[in-house]
There are 2 protein chains.
Amino acid sequence: MVDDIDREILAVLRTNARMPVSEIARRVGLSATPVARRIERLENEGVIEGYVAIIKDSDTGELDAFTEIRLSGGTDTRELEEIARRVPEVRQYFTIAGDPDGLVRFRVRNVDHLQKVVNAIRGTGIVAGTKTLIVMAAWDRAQVIEA
Amino acid sequence: MVDDIDREILAVLRTNARMPVSEIARRVGLSATPVARRIERLENEGVIEGYVAIIKDSDTGELDAFTEIRLSGGTDTRELEEIARRVPEVRQYFTIAGDPDGLVRFRVRNVDHLQKVVNAIRGTGIVAGTKTLIVMAAWDRAQVIEA
DNA sequence: GGTGAAAGAAGGAAGAG
DNA sequence: CTCTTCCTTCTTTCACC
């Protein structure tokens, strides 16, 4: 379904989604036509979910944080996913294999706001415990623009 | 520095980063040339940090994982950041306030590859311990891939 | 997966407001 | 100084092998 050439194409698009098909073709060693066909197929199959520009935050002293979540026994992780979706501050959600059960990433205005968000997650009945990690610094390799 | 038309352009690129400049131009009511110049300016000013494709991990057969890192006493977190930069699989790096000291996110082909990456991080002398979280499912709110 | 031709998009130069 | 209009070059798309 997804072969090695597809993976190369995906690796390129993950780094620079605006790169022309012709340039991607050069890098993976094919002509433009099959690369365009592969990209179209990957989009239709849902392997590529979309393309987004990464925009710099208007840095206002907000906090970036992760919260690890442990569920009470017998709870389906899909219930956690639903809770994450309902909390508007949550920007990313991960179901984890093992301990913890889930990880959410969110951005808040200050520590009071952080407390509110964490309590919104905790006060749902299915959460046995949380542990919050506050981000002091971060970088992302996908943010490099290649010409 | 960033005017209303810039904001419209950013809103479009956030939704579909692969949209042709000509089509963006049509939507914001300008011709293609100034739109291209604006996009170039926004890139150079760092407002646009990059363009990424959102890939459904489960279909590539690759693993997405986080590793929490605890440093041995007296180690500067900047040393950890350097290590993270040297491991090519690492896609995101976070310095954490408290415990753990750092968090890295990376993508690997399989469990053997995962072991290799974790050991590359562990075998650096400054790492006191690690804990790896394997992602089973993930989502991002569309406008949220910013770091 | 590749080819070639038509359609379309990007990039540069010149000029109007 | 920014937008528009052309013009040239490069890219994408499609029928076909």
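The structure presented is a predicted model; accordingly, all values stated were derived computationally and were not measured.
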- Query: Given dT13(D), dG1(C), dC3(D), which nucleotide is nearest the side-chain atoms of Arg38(B)?
  - Reply: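 From the listed options, dC3(D) comes nearest.
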- Which nucleotide sits closest to the side chain of Val21(A): dT12(D), dA13(C), dG4(C)?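 Within the option list, the nearest is dT12(D).
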- Evaluate whether atom CZ of Arg7(B) has more than 12 neighbouring non-hydrogen atoms of other residues, nucleotides or ligands under 6.0 angstrom away. yes
Distance check needed: [N] [atom2] versus [X] [atom1], whole Å only.
X        : N       : atom1 : atom2 : result
Leu30(A) : dG1(C)  : CG    : P     : 6 Å
Arg27(A) : dT11(D) : CZ    : C1'   : 16 Å
Glu23(B) : dA7(C)  : CD    : C1'   : 16 Å
Ile39(B) : dA9(C)  : CD1   : C1'   : 13 Å
Glu40(A) : dT13(D) : CD    : P     : 8 Å
Ile9(A)  : dG1(C)  : CD1   : C1'   : 12 Å
Arg26(A) : dC10(D) : CZ    : P     : 14 Å
Ile24(A) : dC10(D) : CD1   : P     : 19 Å

So, does [X] get its side chain near the phosphate of [N], meaning an N or O under 4.0 Å from OP1 or OP2?
X        : N       : answer
Ser31(A) : dG2(C)  : yes
Ser22(A) : dT12(D) : yes
Arg41(B) : dT2(D)  : no

- Salt bridge or not for Arg70(B) and Asp101(B), using N-O below 4.0 Å? no
- Salt bridge flag under 4.0 Å for residues Arg26(A) and Glu23(A):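 Answer for the salt bridge query: yes.
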- Message: Need one value for Pro34(B): base, sugar-phosphate or nothing, where a base atom within 4.0 Å counts as base even if backbone is also close, heavy atoms only.
- Response: base
- Task: Grab the two heavy atoms, one from Leu10(A) and one from Ile48(A), that are nearest each other, plus how far apart they are.
- Result: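 Distance-wise, the nearest heavy atoms are CD2-CG1, 3.5 Å.
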- Task: List the atom of Thr60(B), the atom of Val2(A), and the distance in Å for their closest heavy-atom pair.
- Result: CA-CG1, 4.4 Å
- Message: On DNA chain C, does the nearest nucleotide to Arg18(A) precede the nearest nucleotide to Arg37(A) from the 5' side, or the other way round? Give the residue.
- Response: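 Nearest-nucleotide comparison on DNA chain C picks Arg37(A).
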